Each structure stands twice: as structure tokens, then as C-alpha cells.
Amino acid sequence: MRHRREPLGLSSGRSSAERYNALKGIQDIYPPEVFIWQKVENTAKDVFSTYGFQELRAPIIEATDIFVRSIGETTDIVEKEMYTFSDKAGRSITLRPEGTAPLVRCYVQNHLYNLPSPQKFFYSGPMFRYERPQKGRFRQFYQIGVEALGSSDPKLDAETISMLKLFLERLGLKGLNFEVNSIGCEKCRPDYKNALLNFFSDKMNRLCLDCKRRYEYNPLRILDCKVDECIKLRVGAPQVMDFLCSGCRTHFDVVLSLLHLLNVPFEINTTMVRGLDYYTRTTFEVTTKQLGAQNAVAAGGRYDKLVEEFGGPPTPAIGFAIGMERIVELLQTSNKQDIPNPKVFIATIGAPAEKEALIIANRLRENGIWVEIGYAGNSLKSQLRKADRLSAGYVLIIGDDEISSGKVKWKRLSDGTQGEIPFSEAYDFFQ
RNA sequence: GUGAGUGUAGCUCAACGGUUAGAGCACUGGACUGUGGCUCCAGGUGUUGGGGGUUCAAGUCCCCUCACUCACCCCA
């Protein structure tokens with residue numbers, strides 16, 4: 001008969017141990033998922049280096065002003081999403097919400113513009129934005145980004161976009177859409193903005209609440225609104241393409257023709273708006289329908305004035321950033337994970353065998369072979385089961401018999417064949 | 001910041017307001033004393049997220065709170 005169990009720790013003052021969780025919107029990355037991350041990072045490095053991009057490691061905290069000035073004071077990122085703190089001396093510092101500004105700061109501070117142009121860099125690492133988490137959106141998220149500084153040649157735009165395409169192809173991703181747009185330069189963009197303001201000025205009252213706000217700080221965004229009434233109201237609104245200056249128009253046309261030349265399938269999306277103020281001319285985005293509302297897996301564009309803003313010489317530039325979590329999620333649903341497996345598992349019976357196993361394991365490891373050994377004196381059966389679970393290539397079995405005969409038994413798990421070899425030859429067996 | 005949904009074993013999920021909250025997977029052992037995968041048997045685990053309330057009785061109903069999820073906003 002079973003009895004009701006009395007709770008343990010009757011006199012415990014605390015009701016329960018405090019449980020620690022990662023902060024909201026911040027997640028741990030561990031095996032097996034981490035292997036996908038490694039694959040993405042390695043692929044990026046391989047592909048980007050064939051285009052001459054080299055790694056640059058900028059800090060993840062900067063003076064707050066670096067982001068305010070570059071991203072724009074009235075953007076959502078700066079207004080409400082930055083992790084900003086005071087350090088012990090009272091300076092305002094911020095965890096980077098994006099990677100371009102720190103890289104440009106580094107470029108200017110270290111006079112990298114004195115090196116042959118264009119200079120091409122890639123980076124990867126965590127970014128931080130204080131947002132409400134949802135699918136594909138986190139407070140600490142990872143980006144791989146590239147930046148090419150020092151050329152306004154449209155070839156660079158096309159090359160950069162086609163490099164992104166190659167990267168995504170290498171990962172085996174399908175069903176992605178490339179969207180490109182031009183948002184003009186500091187000369188022609190104000191004209192377009194004014195035209196939009198004019199167009200919507202008498203329709204203001206009927207716009208949705210969000211669009212009324214957009215009218216004030218970013219009227220281009222009204223073109224992107226999902227509310228039915230706003231969609232109706234914007235029929236006949238002025239188009240960016242009609243307002244590009246001749247320089248921007250030509251640049252855009254060349255980029256498009258080169259994208260054709262490089263077999264990048266794309267669509268022009270004239271309503272695509274970037275969230276950061278520093279973009280000029282070419283902007284682009286890679287989207288998918290497989291990720292829910294956060295559909296951009298990578299995005300970027302030109303920023304021809306940013307280096308000057310940081311006090312450097314006139315230096316046109318272009319770059320993009322890839323959302324790691326979003327790429328990883330796509331790979332998880334479409335690909336099988338390649339989990340690394342040990343080559344050898346050593347199963348032992350008895351204490352003398354355990355010592356022998358340690359010696360053999362070490363020797364094999366010195367030769368670069370991944371070896372696991374059985375622990376805690378489990379039965380041979382359970383050790384073999386563990387080897388099977390780990391998908392080990394071979395099991396070596398060592399017991400009293402083997403020690404007295406001087407031969408170790410081996411078994412190949414894929415087909416069950418087995419045999420034995422002298423201890424002294426075990427070291428060479430797996431070469 | 002706004003709105004909606006969900007919290008039960010390590011994981012995936014059951015349980016009309018009514019005994020001691022169950023099952024699969026996984027884990028460990030055994031059948032097979034030194035040979036994995038298949039099969040069968042056995043074994044352990046829960047403060048039902050937390051707190052309060054209604055009730056003879058709450059995993060189940062109500063309130064609060066926390067966490068997670070999705071969406072809006074925005075973005076990679």
C-alpha cells in the first residue's frame with residue numbers, strides 16, 4: 001500500500017528555491033542549435049572573403065551620441081528601443097542597437113580611409129533593442145553585417161547584393177524575395193517628402209492614428225500602412241521614382257541592370273522604407289513568408305553621408321545586415337541539423353580496463369580523434385547504448401579478457417562488424 | 001507602449017468542479033551475468049508558474065501577479 005508522501009524540507013523558511021531565468025527577449029544558444037549558428041557564421045566568412053571582405057571587431061558599447069546622431073533622433077530605435085545607461089563617471093553609454101555606426105566610428109577614428117578604397121569589412125555579434133519580443137524578434141539578437149566604404153560605384157551595390165544572394169544560396173535557403181528601392185539623396189529626398197506632405201495634408205483627418213504620427217516624422221511610411229482606409233487614401237500618391245534627381249536616377253538604373261547581369265531576381269518596391277535615417281539611394285531587403293510578421297532576413301543600403309557625419313572625408317558606402325535568428329529558424333525548418341559525432345567510444349568492464357581506456361583515449365586524441373569513454377561503471381549494454389545514441393563510429397571494448405590477451409575488441413556501429421587488434425596497434429587503427 | 005492567447009513530469013501533451021493528477025518520449029535497470037538499434041517488463045520525478053478568493057471539494061471557476069507566445073508599432 002502506498003502512503004501519502006510528506007513534503008520534504010518541512011521547516012524550510014523559503015517556499016522554494018529562487019529560479020533564475022534569462023532576461024526577457026534574451027535567449028541561450030546551445031547544442032544542437034548552436035551547430036546551425038556555426039554553419040551560418042562559417043558560410044558567411046567563406047563567402048564574404050571571396051569578395052575581399054575582412055573581419056572587423058568593433059565594441060558592443062559606445063557613447064550614446066554615436067547612435068543618436070547616425071540612426072536619427074526621431075527614429076523608434078533611438079526614441080524608445082536603446083539600452084542606455086550611465087557609467088560610473090556619469091557618461092551616457094549605449095549597447096549597440098545596430099552594427100554600422102560603431103564600424104564607421106572605428107573607420108574614421110583609425111583613419112582607415114587612408115587605405116586603398118573601397119575598404120570592405122564584415123562583422124558579427126549581438127545587438128540590443130528594448131522591444132516587446134515576438135516571433136523572430138528579440139532584445140538581444142545577432143547580426144552578421146558587411147560594409148564597403150569608399151566607392152559610390154553602382155557596381156559595388158550590385159556586387160554586394162549578389163554576394164548576399166550567394167551566401168543565402170550556400171545555406172540552401174529557398175523562397176526568398178529580393179526587394180530593391182532608391183530613396184534618393186539629400187538633394188532629392190526632401191522634394192519627395194514635401195510632395196507627400198502636400199498630397200496627404202487634406203487627408204490627414206481620415207488617416208489612422210499611426211499614420212497621423214507618421215505624417216509628422218516619416219511620411220514615407222504612410223505608403224506602407226496596412227489599414228484599409230489608408231490604403232484607399234494613398235491611391236495616386238506621388239512616387240519616389242518621379243522625384244529622384246538625375247544622379248540618383250542613373251545610379252539606380254545601373255544597379256538594376258547589373259542585378260540582371262548577375263542573375264539576381266528582384267522586385268522594385270517603392271514603398272520600402274528604412275528605419276535608419278542615414279540611408280541614401282539604394283536600399284534593399286530580403287524577405288520570406290515563412291517567418292510570420294517579422295519577414296526580413298537581411299536588409300541594407302547605401303549611406304553616402306555617414307562617414308562625413310562622423311568627421312571623416314566624403315566617403316560613400318554601402319552595407320547590409322543579416323538577422324541570424326531568422327536565418328537559423330529557416331534552416332531549422334528546412335534542413336536536417338548536422339550534429340557532430342565522436343569517432344570512437346571506449347566501453348570498459350572493470351577498473352584495470354578503465355585505466356587502459358584512458359591511456360588509449362588520450363593517445364587517439366593527441367592524433368586529433370574525438371574519443372568518448374564510458375563513465376560511472378555502467379553495464380556494457382548501457383555503454384553500447386550510449387555509444388549508439390552519440391552515433392559514434394566505433395566502439396572499443398576493453399575488459400579483463402582483453403587485458404590478459406593484450407588485444408582490444410573493436411566494433412563498427414554502422415554495420416555491427418567487429419574484430420580485435422593488439423593494444424599497441426589501436427593507436428594507428430583510426431588513422 | 002497596446003491587444004489577444006497559453007502556463008500540468010526533463011520534453012510533447014491528457015485529466016465532466018469530485019479518491020492518492022496520468023500517458024507517450026527520454027532516462028536507468030532487467031529479459032540477454034561481456035555487445036547498441038527492434039520488442040517486452042520494471043523503476044524515479046510534479047509545490048499543476050506564484051499569491052489570494054468562491055466552494056463541502058479547485059489543475060479545473062473568479063481576481064491579482066509573473067513568465068512565455070503571437071500580433072500591432074517597429075525592425076534584422
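These numbers come from a predicted model, not from an experiment. Letters A, B, ... mirror the listed sequences (proteins, then strands); counts begin at 1.
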Task: Side chains of A/Glu62 and A/Thr94 in contact at under 4.5 Å (non-hydrogen atoms) - done: no

- [ ] Mind calculating the distance between CD (A/Gln383) and C1' (B/rU28) to the nearest angstrom?
- [x] 14 Å

Open item on the list: What I want to find out is whether A/Glu169 reaches A/Lys165 closely enough, with some N-O distance under 4.0 Å, to be called a salt bridge.
Closed with: yes

Open item on the list: Taking B/rC16 as the reference, what is the distance to B/rG22 when you measure between their P atoms (whole Å, please)?
Closed with: 13 Å

TODO: Using the C1' atom as the reference point in each nucleotide, state the distance between B/rG18 and B/rU55 in Å, no decimals.
DONE: 12 Å

- [ ] Could you measure between the two P atoms, the one in B/rU45 and the one in B/rG53, and give it in whole Å?
- [x] 30 Å

TODO: Using the C1' atom on both, measure B/rG36 against B/rC27 and round to a whole Å.
DONE: 16 Å

Task: Residue matched to B/rA9 through Watson-Crick or wobble contacts both under 3.5 angstrom - done: none

- [ ] Provide the distance between the two P atoms, one in B/rC61 and one in B/rG17, to the nearest whole Å.
- [x] 7 Å

Task: Nearest-angstrom distance, C1' atom, B/rC62 to B/rC73 - done: 33 Å

Open item on the list: Can you check the distance between B/rC11 and B/rU20, where both ends of the measurement are the C1' atom (answer in whole Å)?
Closed with: 25 Å

Open item on the list: Using Watson-Crick or G-U wobble geometry with both distances under 3.5 Å, which nucleotide pairs with B/rA76?
Closed with: none

Task: Nucleotide forming a Watson-Crick or wobble pair with B/rC16, both distances under 3.5 Å - done: none

Task: Assigned partner base of B/rA31, Watson-Crick or wobble definition, under 3.5 Å - done: B/rU39

Task: Protein proximity profile, nucleotides 71-76 of chain B - base contact B, sugar-phosphate-only contact S, no contact -, cut-off 4.0 Å on heavy atoms - done: BBBBBB

Task: Under 3.5 Å side-chain donor-acceptor pair for A/Trp37 and A/Glu41 - done: no

Task: Expected output: side-chain A/Arg139 to main-chain A/Glu131 donor-acceptor under 3.5 Å - done: yes

Task: Over 12 non-hydrogen atoms of neighbours within 6.0 angstrom of CD in A/Gln27 - done: yes

- [ ] Quick one: sort the A/Phe167 and A/Phe48 rings into parallel, tilted or perpendicular, breaks at 30° and 60°.
- [x] tilted

Task: Span that lies between the C1' atom of B/rG34 and that of B/rG30, in whole angstrom - done: 16 Å

Open item on the list: Minimum heavy-atom separation for A/Val395 and A/Ala387, please, with both atom names.
Closed with: CG2-CB, 3.6 Å

Task: B/rU69 - base-pair partner by Watson-Crick or wobble geometry, distances under 3.5 Å - done: B/rA4

Task: A/Arg213/A/Asp210 ion pair, N-O < 4.0 Å - done: yes

Open item on the list: Within the 4.0 Å limit for protein heavy atoms, which parts of nucleotides 29-36 of chain B are touched? Write it as a string from 5' to 3', B for base, S for sugar-phosphate only, - for none.
Closed with: SS-B-BBB

TODO: Indicate whether the side chain of A/Thr100 and that of A/Glu147 have a donor and an acceptor atom separated by less than 3.5 Å.
DONE: yes

Open item on the list: Any donor-acceptor pair under 3.5 Å linking the side-chain atoms of A/Gln239 with those of A/Tyr192?
Closed with: no

TODO: Return the value, rounded to whole Å, for the distance between atom CD of A/Gln290 and atom C1' of B/rC70.
DONE: 18 Å

